Amino acid sequence: MKVSFIIPPVLDNTANVDRCFGCNYNIYFLPLLPVLYSATMIKGDVESVSITDFAALGRSAQEFKDFIAADNSDVYVFYTVFLSQNTDLAARQLIRARHPHARFIFFGPQATYAAPSFLDAEDTVLVRGEPEFVMQELIRKLACGADFTAIRGISFRHGGAAVDNPPAPLISDIDSLPIPDRALLDHSPYCNPKLSRLPHTAALTSRGCFGQCWYCVPNSLSYAREIEYKKYLGHKPPARLHSARRVIDEFRAIAGQGFKSVSIIDDQFIWDEARTIEICRGIKDLNLEWSCLCRPEKISREVAEAMAEAGCGYVDLGTESFDENVLASIKKNMSPGDTKEAVEVLRKAGIEVEINILLGATPVETEASIKKTLREVRRLNADYVLFSIANPFPGTEFYQAAKAQGWMYYGDYVPVDPAKSSIISYPHLSKKRLEQLLAHAYLSFYLNPAYLVRQVLKIRSFSEFKSKFRAFANFMYKNFIKK
C-alpha cells in the first residue's frame, strides 16, 4: 500500500496557512512535525510513504493537479487546521475525481473539532487527538484489508451514519515515539528568518502546557490532543515531556543529518531549571542555532546563560499585555514585571527576544490599555514583536464567552488572519478600531528608524539578509499593500 501525506497549495482563494500553530496565515514555512511523526510511525508497515508540501515548495494549483494525475497512492493523508479546512476538502475532491477508489485520512485540530464536516462518504477516516499510535494501527488495518471500525480515536461513516469511536488514551510516555525521520521531507523551503543558518528544521520536546490562558491555541499538535481531551473529560490534558536524554539524542540526530538551526515549537520549553540546563549542556557542542517559546516567569539567569552557551538565538515570550487587569482577566497568571525581567536577563545573556502581544483578548481591554502596552513594548526595545488581535478559536473558553456574549462580529468564528483582521467587536472597542490599533502597532514599531538601523547592523551574512528581507516584505505586502 502506498500512502501520501499531502499539504496542498491554496485552493480556496485565501493564503498559505501556518499549520504548525494553525491560527495564522503564513509568512515563512516550518516543517510540519505532526506529519513527520505519523509518517515515521507507519513507514515500516507500507510499501511506500511520501510527504509533499506543495505550499512550502511554492507549487501551484495546476502543479498539484498534475501531481494527482500522475500519482497512484492508495491513501492520501491531510493534516487540517482551522484555516486550512476548505483547501484540504477541495484537494480531496480533486483526488476523488482522478482516483475514485482512493482512501482519505484527515487528522489535526480541525478534523478533531469538526468531524462531521469531513465525513461525507465512507472513503474518509478521521484520526482525532494525539495521532501517532492511532494512525499506525489504522494504516496497518487498511494495509491488510482488516476491519478498522473498532479502533479508538477515529471517526468514520458506516451504513450512512457518522460514527465517533471512544477516544484513544493519551500517550503516557512520549519517549516511546521514534525520533521523526526528517529524511522523509524535503527541507529546502523551510527557514526561520530570525535564525541565520540553513538548513533548518523544527522540533518538539514536550506536548501541552500548564497554563490556563482562556484564549490560548497552542501548537496544533498540542491543540488537537487538547480538543479531544476536553470533549470527553472536560478539562485540559496533562502535559507530557520528553526526557532530557531523549531531547539530546534527537538534537544529535538533527546535527548528524546536517541541519544547522532548529525552531523548538513547544508551547512552553522551560519546564524546570534542572531539565533545561541538562538539555543545554547536552547539545552545546553540536553547533546548532535554535529558538524556543517560553513563559517570561520561567526564565532565570542560570537558564538564560545555559541556553546562550547551547546556541539559543532568540526566545519568543508569551506576554500578551502589559496591563495587569488584562493579564488577570485572560488568566495569564503572570505580571508585566515578569516580562521586563525576562527581557533584561535574556539580553544580558546575548539572546534576542520576540514579544507576543494580543489585542482585544478580553472585554477588560480598552484603547487605553492597548496604548499602555504599546508604550511598554517600545520602551523595552525588543528585537521582534508579534502583534495579533485575539481570535476566539473554537474549543477555547474565550470562544464560549464571545459566542454567549455576542462579541463576535459575524456571530460565530470565521477564518481570518489575526495579524490583520478581527472577528471580535466590543461595544467600547469595535472591530474597525482594533484593526486600526493593530496596524498602528506594527507600523510604529517596525518602521521606527532606530529599530531598522539596529536590525541592519545585526545582519551577519547575505543569506540572513535575504531571509529577513523576504519575511519582512511578505508581511508588509500581505498586511498593508494587498487589500
Side-chain angles (χ1 to χ4, degrees), residues 15-16 18 20-21 23-30 191-196 200 263 291-294 296 313-323 336 339-340 342-344 346-347 351-361 365 367 369-391 416-422 432-483:
N16 284 313
D18 170 17
C20 285
F21 294 92
C23 55
N24 290 286
Y25 288 99
N26 168 269
I27 298 174
Y28 57 90
F29 292 96
L30 292 175
C191 74
N192 183 332
K194 296 184 285 292
L195 298 175
S196 62
H200 182 76
S263 292
S291 66
C292 63
L293 293 83
C294 298
Y314 82 93
V315 169
D316 194 339
L317 294 178
T319 296
E320 324 316 347
S321 175
F322 283 92
D323 184 273
T339 295
K340 295 173 185 177
V343 171
E344 182 179 353
L346 290 167
R347 184 170 286 138
I351 297 173
E352 291 189 336
V353 180
E354 174 172 296
I355 296 175
N356 282 336
I357 298 296
L358 272 182
L359 311 184
E365 184 86 275
E367 188 164 332
S369 67
I370 290 173
K371 289 179 177 178
K372 175 183 178 181
T373 290
L374 299 185
R375 286 194 301 271
E376 292 297 330
V377 167
R378 287 192 291 271
R379 189 173 291 124
L380 282 175
N381 287 324
D383 299 282
Y384 311 97
V385 183
L386 177 63
F387 299 102
S388 301
I389 298 174
N391 229 339
V416 301
D417 185 349
K420 183 178 179 180
S421 303
S422 177
K432 181 178 180 180
R433 187 57 183 151
L434 279 167
E435 291 169 353
Q436 289 171 340
L437 290 165
L438 178 70
H440 169 72
Y442 268 115
L443 292 173
S444 63
F445 185 83
Y446 282 103
L447 295 186
N448 183 305
Y451 174 81
L452 293 173
V453 169
R454 289 201 310 271
Q455 291 302 310
V456 169
L457 291 176
K458 288 191 297 184
I459 292 174
R460 291 161 286 183
S461 67
F462 183 64
S463 62
E464 182 181 358
F465 170 78
K466 289 194 299 182
S467 177
K468 288 180 181 290
F469 180 79
R470 186 182 300 114
F472 179 75
N474 286 343
F475 177 82
M476 295 300 292
Y477 174 76
K478 183 180 73 170
N479 289 280
F480 302 111
I481 299 173
K482 181 183 179 182
K483 296 290 184 181

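Not measured: the values here are computed from a predicted model.
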**Asked** Can you tell me how far OG of Ser388 sits from OH of Tyr442, rounded to the nearest 0.5 angstrom?
**Response** 5.0 Å
**Prompt:** Would you say the side chain of Tyr446 lies within less than 4.5 Å of the side chain of Val385, judging by non-hydrogen atoms?
**Reply:** yes
**Prompt:** So which heavy atom on Pro296 is nearest to which on Ala342, and how close?
**Reply:** O-CB, 3.6 Å
**Request:** Would you mind reporting whether Leu386 and Asp316 have side-chain heavy atoms less than 4.5 Å apart?
**Result:** no
**Leu195 to Gly313 - nearest heavy-atom pair and separation** = CD2-CA, 4.2 Å
**Message:** Using 0.5 Å steps for rounding, measure from the CG atom of Leu317 to the NZ atom of Lys340.
**Reply:** 14.0 Å
**Item:** Reported CG-to-CD1 distance for the pair Asn16 and Ile27, which is rounded to 0.5 angstrom
**Value:** 12.0 Å
**Item:** Counterpart residues, salt bridge (Lys or Arg N to Asp or Glu O under 4.0 Å), relative to Glu354 (two or more places apart)
**Value:** Lys194
**Prompt:** Does the side chain of Leu437 reach to within under 4.5 Å of the side chain of Phe387, using non-hydrogen atoms?
**Reply:** no
**Asked** Could you go step by step and tell me if Phe445 and Ile355 meet the side-chain contact (heavy atoms from CB on, under 4.5 Å) rule?
**Response** CA-CA 12 Å; Phe445 185 83; Ile355 296 175; over 6 Å; no
**Asked** Does any non-hydrogen side-chain atom of Phe322 lie less than 4.5 Å from one of Arg375?
**Response** no
**Prompt:** Rounded to the nearest 0.5 Å, how far apart are OH of Tyr25 and CG of Asp18?
**Reply:** 11.5 Å
**Asked** Is there a salt bridge (charged side-chain N to carboxylate O under 4.0 Å, His left out) between Lys372 and Glu376 once you walk through the steps?
**Response** CA-CA 6 Å; Lys372 175 183 178 181; Glu376 292 297 330; over 6 Å; no
**Asked** Quick one: are Thr319 and Val377 in side-chain contact, heavy atoms under 4.5 Å?
**Response** no
**Item:** Side chains of Ser291 and Asn192 in contact at under 4.5 Å (non-hydrogen atoms)
**Value:** yes
**Prompt:** What distance separates Thr373 OG1 from Glu320 CD, expressed to the nearest 0.5 Å?
**Reply:** 10.0 Å
**Request:** Would you confirm whether Glu365, through its side chain, and Leu359, through its main-chain N or O, come within 3.5 Å as a donor-acceptor pair?
**Result:** no
**Message:** Once rounded to the nearest 0.5 Å, what's the spacing between atom CG of Leu346 and atom OG1 of Thr339?
**Reply:** 10.5 Å
**Message:** Does any part of the side chain of Val315, heavy atoms only, come nearer than 4.5 Å to the side chain of Cys292, both counted from C-beta?
**Reply:** yes
**Message:** Closer than 3.5 angstrom, by distance alone: can the side chain of Ser421 be matched with the main-chain N or O of Pro418 as a donor-acceptor pair?
**Reply:** no
